[in-house]
Amino acid sequence: MNAGAERDFDDLLMMLKETRGFDFTGYKRTTLQRRIGRRLETLRLQHYSEYRDYLEMEPEEFGRLFESLLINVTAFFRDPQAWQVLRRTVIPSLMNAKGTGKMIRVWSAGCATGEEAYSLAMAFAEELGVEEFGERVKIYATDLDEKALQIARAAVYSERQLTDVPDSLREKYFERVEGGLAFRRDLRRQLIFGRNDLTRDAPISRVDLLLARNTLMYFNTETQLSIVRRFHFALTDLGYLFLGKAEMLLNHADRFEPVDLRIRLFRKIGPRAGGRVAWPPDTGQRDTVEELRAAALAAGPVAQIALDGTGRLRLINSRAEALFNLNVRDAGRPFQDLEVSYRPVELRSVIQRVEQELRPAELRDVSWHRPGAAKADIFDILVVPLQRPGGELVGVIISFHDVTRYRMLRDELEQTNKALEHAYEELQSLNEELETTNEELQSTNEELETTNEELQSTNEELETINEELQSSNDELQHINDTLNSRSSDLDRANSFVASVVRSLGDAVTVVDDELRVLMWSPGAEELWGVRAEEVTGRHLSALDIGLPVDKIMGDLRRGIDGGPDAEGDQIVRITVDAVNRRGRAAKLDVDVFTLRKDDASVHGLILVMNLL
Ligand SMILES: C[S@@+](CC[C@H](N)C(=O)[O-])C[C@H]1O[C@@H](n2cnc3c(N)ncnc32)[C@H](O)[C@@H]1O
């Protein structure tokens with residue numbers, strides 16, 4: 001990332017702090033950049049500055065951003081091996097140390113949606129029994145994320161969230177409610193959920209067991225240091241600290257000692273117990289023993305000197321002689337007159353304290369750069385009071401352990417471990433992010449499945465509609481077939497009628513009772529030179545044809561009015577002079593018949609014309 005982008009990123013963090021009170025500056029930058037990067041990708045934005053503007057315009061994006069930054073991934077009994085050790089070792093040891101009846105205080109720091117806190121409750125209840133758990137255990141569970149805490153407080157989880165809880169525990173500690181399974185109400189009282197910002201708020205106090213799992217790793221080294229200091233303060237002497245599998249306490253060897261490194265279980269270091277060097281027994285062989293002691297001291301691999309009760313140098317071994325430029329002539333001199341009393345470190349006051357308190361003192365990592373040496377050497381200096389069996393002080397012995405090589409190795413190891421730890425933490429947080437991404441993918445998948453189901457149901461509906469359409473189509477086809485067959489019947493009937501009409505005479509026309517043309521045969525078209533559609537519906541007398549209609553009009557009206565004569569339906573045959581379509585004179589017979597309905601009433605006339 002270039003310098004400009006880094007600046008924009010810092011501005012963005014500052015904006016979150018100033019406008020929303022969320023200070024992410026103590027979090028690992030790489031993690032933050034990756035998580036915010038994902039929001040940018042989702043919103044198709046390129047730069048942090050654009051994202052800042054977006055946040056200003058769309059304040060609800062803050063919620064989505066915090067959700068993405070405060071990675072809430074968690075599970076019941078996460079890392080089962082660690083929970084085994086917790087149940088088998090830590091809880092019994094706590095019960096022992098506490099003695100009967102004393103309250104046990106537990107803190108789940110960064111508890112997310114509560115699964116860890118309820119796992120703790122089940123683990124304690126299983127080891128102590130439900131009743132004693134209810135009387136003696138308080139579990140404080142805190143997080144920065146209010147939304148996650150709401151879920152934790154509700155204590156209702158789905159079947160899927162409970163997959164890692166063994167069936168026996170599920171049956172014992174959960175009851176079915178609407179929307180899932182709820183943690184038992186009577187035991188729920190032992191858990192207290194609250195908001196606590198590990199970077200700012202005061203820790204819970206007098207805690208016997210502190211779980212801060214998979215939470216520290218999101219912070220940078222400096223913030224981790226300050227949080228671990230608070231944890232040290234929060235714990236009772238010899239209290240347990242339980243971290244996530246990616247988390248180590250490399251910089252805190254003075255505050256915590258490992259109990260089981262595989263599962264990241266540590267214990268607070270309490271006040272150290274001191275040891276004493278006993279003076280040899282006062283026997284007849286004392287001289288021999290002292291001689292032996294002096295020889296052993298002289299040959300010892302560690303530089304040592306001993307002072308008597310008056311503060312005079314009495315014993316010097318060969319390594320001390322070489323190291324501090326001392327020799328036998330210095331024996332008997334007051335210690336304070338010797339350079340070794342203040343170089344490499346001020347020892348006079350330490351000796352004084354040791355003599356007063358009758359307790360050993362240790363000065364660690366004393367660096368001494370001797371003139372002419374290429375580099376400084378490191379010593380751990382131990383000052384031990386020498387007492388007679390009755391307790392009377394007879395002097396002190398001072399040992400100078402050269403730990404230069406060991407410290408160098410330790411530093412190298414620490415560096416390597418730190419690099420390893422960083423890589424591991426990165427890996428773990430990446431892993432958690434992947435889990436979140438996986439969950440997001442799962443939810444997208446679920447959405448897709450829902451959409452798919454919706455599509456399936458739409459498809460089924462469409463199939464039903466299709467089937468209905470198909471059956472309507474079949475019906476239509478059937479109707480069509482019927483119509484077609486009727487139409488051919490009709491065609492047949494028509495051609496039959498046409499053939500009948502043709503057989504009646506050269507030209508045939510049918511008129512209604514008002515003498516309007518109803519039918520005009522092809523022969524009539526041929527004879528008069530006008531087409532059926534030109535004459536249909538028109539009055540016979542209005543037609544421009546060569547038939548002298550006026551001459552037959554009287555007969556026609558009579559036929560309409562008079563009804564059938566005695567001889568049948570033929571009214572009259574009239575022979576007329578006409579003019580055909582070519583304008584030639586033509587003589588023809590016109591036979592007029594009545595057209596009757598079923599009730600025999602007349603409703604028109606048939607005119608059959610034959611050329612003579
Ligand atoms: C990955 S979860 C760990 C949950 C649980 N301890 C476990 O191991 O399953 C990390 C939790 O740390 C919380 N967290 C992040 N910053 C925090 C802060 N400054 N103070 C308290 N909790 C914080 C997040 O909200 C998130 O719920």
Side-chain angles (χ1 to χ4, degrees), residues 13 16-17 20-29 31-32 34-35 62-83 86 106-123 139-153 157 161-165 191 193-204 209-220 222-231 234 241-247 263-265 425-439:
L13 294 190
L16 297 179
K17 187 172 168 184
R20 298 281 149 157
F22 277 104
D23 185 0
F24 285 105
T25 49
Y27 290 65
K28 279 204 187 112
R29 217 170 156 86
T31 308
L32 289 179
R34 245 192 332 266
R35 304 299 295 169
F62 281 106
R64 288 191 282 271
L65 174 63
F66 294 147
E67 217 166 274
S68 154
L69 292 180
L70 302 176
I71 297 170
N72 288 147
V73 175
T74 186
F76 284 96
F77 299 113
R78 196 173 181 189
D79 310 325
Q81 193 199 3
W83 285 89
L86 186 90
V106 186
W107 181 16
S108 162
C111 66
T113 39
E115 284 86 335
E116 181 177 278
Y118 293 111
S119 302
L120 272 168
M122 286 186 272
I139 298 172
Y140 299 87
T142 63
D143 202 284
L144 182 65
D145 188 344
E146 266 298 349
K147 263 175 138 181
L149 283 171
Q150 270 173 22
I151 297 172
R153 285 190 188 104
Y157 298 93
Q161 287 165 313
L162 285 164
T163 34
D164 294 332
V165 180
L191 293 105
F193 289 94
R195 188 176 184 279
N196 181 291
D197 183 346
L198 291 174
T199 63
R200 297 204 305 203
D201 297 333
I204 308 280
L209 169 62
L210 200 171
L211 276 78
R213 312 194 65 224
N214 308 301
T215 300
L216 274 187
M217 64 186 175
Y218 294 106
F219 298 102
N220 59 31
E222 205 184 348
T223 311
Q224 282 190 15
L225 250 163
S226 99
I227 295 175
V228 172
R229 258 188 230 124
R230 287 162 201 247
F231 285 169
L241 174 63
F242 196 6
L243 302 181
K245 65 171 184 271
E247 293 154 331
I263 61 150
R264 308 296 188 247
L265 179 65
E425 279 185 6
E426 278 281 320
L427 205 69
Q428 184 64 10
S429 60
L430 204 64
N431 195 19
E432 303 231 339
E433 281 175 41
L434 280 176
E435 276 189 40
T436 319
T437 314
N438 196 18
E439 281 181 14

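Everything numeric in this text was worked out from a predicted model, so none of it was measured. We number each residue from 1, following the sequence as shown. Read the numbers this way: they start at 1 and go in the same order the structure lists the ligands and their atoms.
Ring centroids of Tyr118 and Phe193 are separated by less than 6.0 Å, placing the two rings close together. Ring pair Tyr157/Phe76: centre-to-centre distance below 6.0 Å.
Polar contact with ligand 1: absent for Asp145 (N/O pair, distance under 3.5 Å). For the pair Leu198 and ligand 1, the shortest N or O to N or O distance falls below 3.5 Å. In terms of N/O distances under 3.5 Å, ligand 1 is approached by Gly110. Considering both main-chain and side-chain atoms, Thr74 comes within under 3.5 Å of ligand 1 through a nitrogen or oxygen pair.
Set against the non-hydrogen atoms of Asp197, the atoms of ligand 1 under 4.0 Å away are 18 (C), 19 (N), 20 (N).
Residue Tyr27 holds the heavy atom nearest to atom 17 (C) of ligand 1 of all those in Tyr27, Phe77, Phe22, Phe24. The heavy atom nearest to atom 25 (O) of ligand 1, considering only Asp79, Asp143, Asp201, is found in Asp143.
Scanning for salt bridge (charged side-chain N to carboxylate O under 4.0 Å, His left out) contacts around Asp197 gives Arg200, with sequence neighbours left out. Every side-chain contact (heavy atoms from CB on, under 4.5 Å) that Glu146 has, sequence neighbours left out, goes to Leu149, Arg153, Arg195.
Put simply, no part of Leu211 is less than 4.0 Å from ligand 1, judged by heavy atoms.
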